Amino acid sequence: MPNSALFSTIRSVFTNKKIKGKAHQPFIDRFIGNAILLHSLFSQLYSKRADFETRFMEMIELISDTYLERNSTLVKRDKEKEKQAGWFLSNNMAGMSLYVDRFVGSLKSLPEKLDYLQNLGLNLVHLMPLFESPEGASDGGYAVSNYRVIDKRFGTLDDLKSLQKSLQEKHMYLMIDIVLNHTSNQHEWAQKAREGDSFYQDFYYMYDDRIIPNQMEQSMPEVFPESSPGNFSYDKKTNKWVMSVFHNYQWDLNFTNPHVLHAMLDNVFFYANLGVDILRVDAPAFIWKQMGTSCQNLPEAHIILQFIKVALEIATPGMAILGEAIVAPKQIMDYFGKGIMTTHECDLAYNATQMALQWDALATADTRNMLANQPVILQKPLGCTWINYTRCHDDIGLGFEDSYIEAVGYTPYLHREYLKNYLGGRLVSSPSSGDLFGVNPKTNDARISGTLASLCGLEKAINKKDAKAIQTSIDKILLMQANSMLLGGIPMIFYGDEFGSTNDYSYLDDASKSYDNRWMHRPVIDWKKNAQIRKKGTVENQIFKGIQHILNIRKSNNIFSDTNNLEWLESHNASVVGFKRTLGNQQVFCLFNYSAETQGLTYYVFNSVRKQTQKLLNLSDKSVIKIGKDHEHLMFKPYQFYVLLAESHHSNLLTIQQR
Ligand code: GLC
């Protein structure tokens, strides 16, 4: 379609829908400004189809209708967010991911806990999947059977709406998921497909025999090799093989069909108009499939995300998107958009590599692998940001690159074996009590389950009633949190971790969960135990206060906003890793000792500020540290970290530069 025809088509939609006048001008400008891009992305996916123009026209209608349905409060909020461009980059942002039922029972009760979250220092709530999902075949809500109806386990849509209002009144933000890659096999579309409706059969990848599935499986890795091996499941009713990359009850949507993109964009918009601030796009790496490939991270998957992002920028610009791409660091970077599409794909991505590298450092007391990976991680474009975390509802993958493991002198296979044994509870001498998840005997891959506290040794220490080990595990927990929270990006705490929840083994008694040991780190909150946070000196109190303190340091200093102002330091001590963040004439040094031993760091590490000052302000306790001579050492206790502020103008330290 020539550009002139494109513009006149869009204008005719505006006329039909009476979109004209000053009030609508910002929307009209956004649409006209992005029209060519939107059309070009759509044609890269579907131009070969005879119905291409009709399908595109439907998209124009959908975008316009969504805009018209957006309520005035949200439109106002869009404008405010636009003024504070990159609102999600701010050092004020900090969140918690939680299962509504396991945290507090229901959506109705959640507003009671907002003060608790604010008191901890949080202003963002990520609610784990809430929409209807069949009991017993739900994958923790990631097998959605209805994208518009809240599962009765959690409450109703009105409860969600009123929670959103309460959050807004408290200047807090809401994040929820959209499960884009697949639906439950009990979703209406899947049901119709099973009844033989060919329109809906085209929503999925369904085959009459195993010929294509067999060919595709040659190059497709398995996600859940133990509980759901293979990538296709047999559907008795239709006598067909259906692609189901995750569990057999999660049917992969076929995005080569534009009707699927339309239907899912409609759901995305539905969430945007509920007032969601950040939409977590689940498993975006998987949304496009092609024979002969791993069916992950394909260029078309990026085009779909870009199309969705541009559509959001036009209709509902206040909603940011987070891509849950848990893939190799080089590939994660692509989810921020590449080339001219940089910053026009996902606004946020999980800093999954950093998370795994922190566990690597904790298990080995060696931070060199973490440091070696940073040049890639630092390529994150300005304007986008990370979700930084130590634990989430999923397992910990050890998918960082072999070449860096080799570069620091380890054999990748043996190194991973060690990490799995240490964290996965296979090593008697290890303080960690986790378990292996997703063990694949064919590839020898495995990931790790376990809560932050249990992986840091708290569970074993409590069982042994070993006071010293309990203290060490608290120090480790706070070290892990501090390292992740002081990086650029939004810290995301996993519920329960804020007061040291250890593994919850009750999932083993529930047949719908016992096959998936990720449930061990998805606790049912014991609020009586939680009350210990108010009793000085308890484990719960030390952890809660410690996290609150780190978040407070972060919130009180703009230097922690994500302006790509981070440089990693060469500490010349493998157990101590550190970075420096700069804002104007201020520099803050964040230094972390990952070993169980006392460590020293030569004052050389502060050379960049030395000419201006001999003193550093310890932001943890407000004490002043005098910078000593080069050969002298700043001493660290086991697992201690420092956050040291200096005011200076120069920087001549050997650093890895952030682009
Ligand atoms: C994402 C979720 C995970 C789920 C999977 C399938 O990776 O985080 O919990 O099992 O997608 O939806």
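Since we're looking at a predicted model, the values are computed, not measured. Both counts, for ligands and for their atoms, begin at 1 and track the order of listing.
With sequence neighbours excluded, no residue satisfies side-chain hydrogen bond (donor to acceptor under 3.5 Å, both in side chains) with T342. Residues passing the salt bridge (Lys or Arg N to Asp or Glu O under 4.0 Å) test with E324 are R280, sequence neighbours excluded.
A side chain to side chain donor-acceptor pair (under 3.5 Å) with Y142 is found for one member of D282, D177, N181, D394 and no other, namely D177.
Minimum heavy-atom separation, V179 to H182: CG1-NE2, 3.4 Å.
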Enumerate donor-acceptor pairs with a distance under 3.5 Å from any side-chain N or O in residues 487-500 to protein atoms, sequence neighbours excluded.
unit_1	atom_1	unit_2	atom_2	d
Y495	OH	R522	O	3.4
Y495	OH	P523	O	2.6
E498	OE1	G496	N	2.6
E498	OE2	Y116	OH	2.6

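Contact residues for ligand 1 (protein heavy atom closer than 4.0 angstrom to any ligand atom): D139, Y142, H182, F224, F246, Q250, R280, D282, E324, H393, D394, R518.
Figure legend: cation-pi geometry between R148 and F131 absent, as NZ or CZ is not positioned both under 6.0 Å from the six-membered ring centre and within 45° of its axis.
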